[in-house]
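For reference, the structure is listed below as structure tokens.
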Amino acid sequence: MTKPSIPKGTRDFSPVEMARRNYIFDTIRSVFKLHGYAPIETPAMENLSTLLGKYGDEGDKLLFKILNSGDAFAGIQAEQWNNSNALTLQVCEKGLRYDLTVPFARYVVQYQNEITFPFKRYQIQPVWRADRPQKGRYREFYQCDVDVIGSRSLLNEVELLQIIDTVFKKLTIPVTIKINNRKVLSGIAEIMGASDKLTDITVAIDKIDKIGLDAVKQELREKGITEQAIAQLQPILLLSGTNEEKLEKLQNVLSSSATGMLGIEELRTLFGYCNATGITQKIELDLSLARGLNYYTGAIFEVKADDVAIGSICGGGRYDDLTGIFGLKNMSGVGVSFGADRIYDVLLQLDKFPAAATENTKIIFANLGEQEISACLQYVQQLREAGIVAEIYPDTAKLKKQFEYADKRSIPYVAIIGEEEVKQGIISVKNLQTGEQQMCSIETLRAQLSS
RNA sequence: GUGAUUGUAGCUCAGUUGGUUAGAGCGCUAGAUUGUGGCUCUAGAGGCCGGGGGUUCGAAUCCCCUCUUUCACCCCA
């Protein structure tokens, strides 16, 4: 018999892993709520027409499509088999969600008359991509999105930065928050005389950390950017100094671009606001930060863990026209997404999961037989009412086996109630860590375990 | 989608130019110890060598196909 398995790129989560994942989700969720964001959920599947064309050609290929129920191929003509793209649309009307942003845009447009704007929501759900799995990349993974839509104020950006700051402070992960602005990038493309190549430029310079300056220049050449334009770009990418110094230098370069100057102004305002907050994580203006997604129009963010070499663990930005594709214009929004799976890896590597994240049963009552069970049931109930996680070993097995069970599950206390204990109305309790054993009353036990 | 890589016991892995009945450590089960875990000792169970096809007197080992694992690119969280 072949062993059962799960699909490529998916994962099972053990109890220990779930405890840790929930610690991350609970932390993130509590911070979202604290800043006034409310949860929504959307279905795992969307109409394929909602998803197609929103993520570029690459994205369309990575969509999981769902075969229509019933006889999906009924009525398909022989010649239709030759055009697989058209055939797919014939037999698949639904697809699994690819991210949380597009379903959110659909949600906002669909319920626009019921929503009070600015609309602040968060969403923590899995998404699916038919990508080839590799390090830190899965076909099913969770995103934790927080967005506010229907407000152009930069205070929203500040609030998101505060959320980022608080989340990573609570998780005790030192990070650097990188900030840039798409308008600045547009301005750079403009003075390079390559405004039409903005997407190519952003995709290329986004890789500078990974592949280095020379490789980026090579890629720009291949995309048809002129040597002269590349020469203009280089000093901008290599800007150094404080955020204010960078802005100062950049202002001189971009003075002829109205869009670029607007971006600089936004960055100035944002940094100014940030100084008034208690944000303590490092905030850094990084002109090489671009982010591939081309719906961003203003601020863009990315968060990297300081001590772990892993991709970004959080990212986002402002988009002015996300809902336009669904017919609702002039609805500016800004949001960020936390990558729970990568945060998990970072916490594991830094050994920063709190012990409580894996905490379990506090005490288990050994099962010695029918005579003693009713006493155990009463005691367990009393402990549970006091909020102590307690249980009874379900089978009347050898004590050795019951102790081994407690030991393997790292349950710290074993209670033994036999003939003698029942007669005296007391409990024998063994501490498995110290090996000490004592007899006490249920009241004493409850008080001891509560502390 | 492109290029590599992996698969042998529950887990981590050995396995000689192809040669009888495929091994180890850990884990598991039972006992030493019938009211006490960890340490120790003894015994035992557990494998269609990822799957399919081929070469051969003979295949875990060689060839082909397929699935799977991991990694890089593309893209992305």
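Below, each value reflects all heavy atoms present in this structure, side chains not excepted, and no hydrogens, waters or symmetry copies. This one's a predicted model, so the numbers in the text were calculated from it and none came from an experiment.
- Salt-bridge formation is not detected for the pair A:Arg129/A:Asp99: no Lys NZ or Arg NE/NH1/NH2 atom is positioned less than 4.0 Å from an Asp or Glu carboxylate oxygen.
- Within the nucleic acid shown, A:Gln143 comes within 4.0 Å of sugar-phosphate atoms alone, with no base atom in reach, counting heavy atoms only.
- When each of B:rG37, B:rU68, B:rC75 is scored by its nearest atom to the side-chain atoms of A:Glu58, the top-ranked nucleotide is B:rC75.
- The shortest side-chain heavy-atom distance between A:Glu372 and A:Phe365 does not fall under the 4.5 Å cut-off.
- Comparing B:rG58 with B:rU20, their P atoms sit 15 Å apart, to the nearest whole Å.
- Looking at heavy-atom distances under 4.0 Å, A:Lys61 makes no contact with the nucleic acid at all.
- For B:rU2, its base sits under 3.5 Å from the side chain of A:Arg132 at one donor and acceptor pair at least.
- Taking the charged nitrogens against the carboxylate oxygens, A:Arg29 and A:Asp26 do have a contact shorter than 4.0 Å, which makes a salt bridge.
- Taking atom P on both B:rU55 and B:rU61, the two are 15 Å apart, rounded to the nearest angstrom.
- Remark: P of B:rG37 and CG of A:Leu399 are 9 Å apart, rounded to the nearest angstrom.
- Of the listed residues (A:Arg318, A:Arg182, A:Lys183), just one forms a salt bridge (Lys or Arg N to Asp or Glu O under 4.0 Å) with A:Glu266, and that residue is A:Lys183.
- Residue A:Ile427 contributes atom CD1, which lies 16 Å from atom C1' of B:rG35 at whole-angstrom precision.
- Between A:Asp12 atom CG and B:rU69 atom C1' there is a gap of 15 Å when expressed in whole angstrom units.
- Taking 4.0 angstrom as the limit, A:Lys408 places a side-chain polar atom (N or O) nearer than this to OP1 or OP2 of B:rC28.
- The nucleotide whose nearest atom lies closest to any side-chain atom of A:Phe403 is, among B:rG35, B:rG37, B:rC75, B:rG37.
- With C1' as the reference atom, B:rU29 and B:rA9 are 15 Å apart, rounded to whole Å.
- A:Lys430 comes within contact range of at least one nucleobase, with a heavy-atom separation under 4.0 Å.
- The distance from atom OH of A:Tyr413 to atom CD1 of A:Ile388, rounded to the nearest 0.5 Å, is 10.5 Å.
- Between A:Asp131 and A:Gly435, it is A:Gly435 whose nearest contact on RNA chain B lies nearer the 5' terminus.
- What separates CG of A:Leu289 from C1' of B:rA77 is a distance of 15 Å, to the nearest Å.
- In this structure, A:Asn180 and A:Ser288 approach most closely via the heavy-atom pair ND2-N, 4.5 Å.
- Straight-line distance from the OH atom of A:Tyr55 to the P atom of B:rC75: 18 Å, rounded to whole Å.
- Between the base of B:rC75 and the side chain of A:Arg137 there is a donor-acceptor pair shorter than 3.5 Å.
- Between B:rA72 and A:Gln134, a contact under 4.0 Å exists linking OP1 or OP2 to a side-chain N or O.
- Within the 4.0 angstrom heavy-atom criterion, no nucleotide atom of any strand lies near A:Gly56.
- Contact check on A:Lys400 versus A:Glu404 returns a salt bridge, with a Lys/Arg side-chain nitrogen under 4.0 Å from an Asp/Glu carboxylate oxygen.
- Contact annotation for A:Ser312: backbone-only contact, meaning every heavy-atom pair under 4.0 Å involves sugar-phosphate atoms and none involves a base.
- Atom CD of A:Gln433 and atom P of B:rG38 are 16 Å apart (whole Å).
- Across all strands, A:Glu302 comes closer than 4.0 Å to no nucleic acid atom at all (heavy-atom distances).
- A:Tyr405 comes within 4.0 angstrom of nothing in the nucleic acid, heavy atoms only.
- Contact annotation for A:Gly59: no contact, since no heavy-atom pair falls under 4.0 Å across all strands.
- For A:Glu222 and B:rC74, the CD to C1' distance is 13 Å, given to the nearest whole Å.
- In the set B:rG35, B:rC28, B:rU69, the nucleotide with an atom closest to the side chain of A:Ser428 is B:rG35.
- On the C1' atoms, B:rA59 is 14 Å away from B:rU17, given to the nearest whole Å.
- At a cut-off of 3.5 angstrom, counting only N and O atoms as typed in the model, there is no donor on one side facing an acceptor on the other between the side-chain of A:Glu419 and the base of B:rG35.
- Side-chain proximity of A:Arg129 to the nucleotides B:rA30, B:rU68, B:rA77 is greatest for B:rA77.
- Looking at heavy-atom distances under 4.0 Å, A:Gln437 makes contact with a base.
- With B:rU36, B:rC71, B:rC75 as the choices, the nucleotide that has an atom nearest any side-chain atom of A:Lys207 turns out to be B:rC75.
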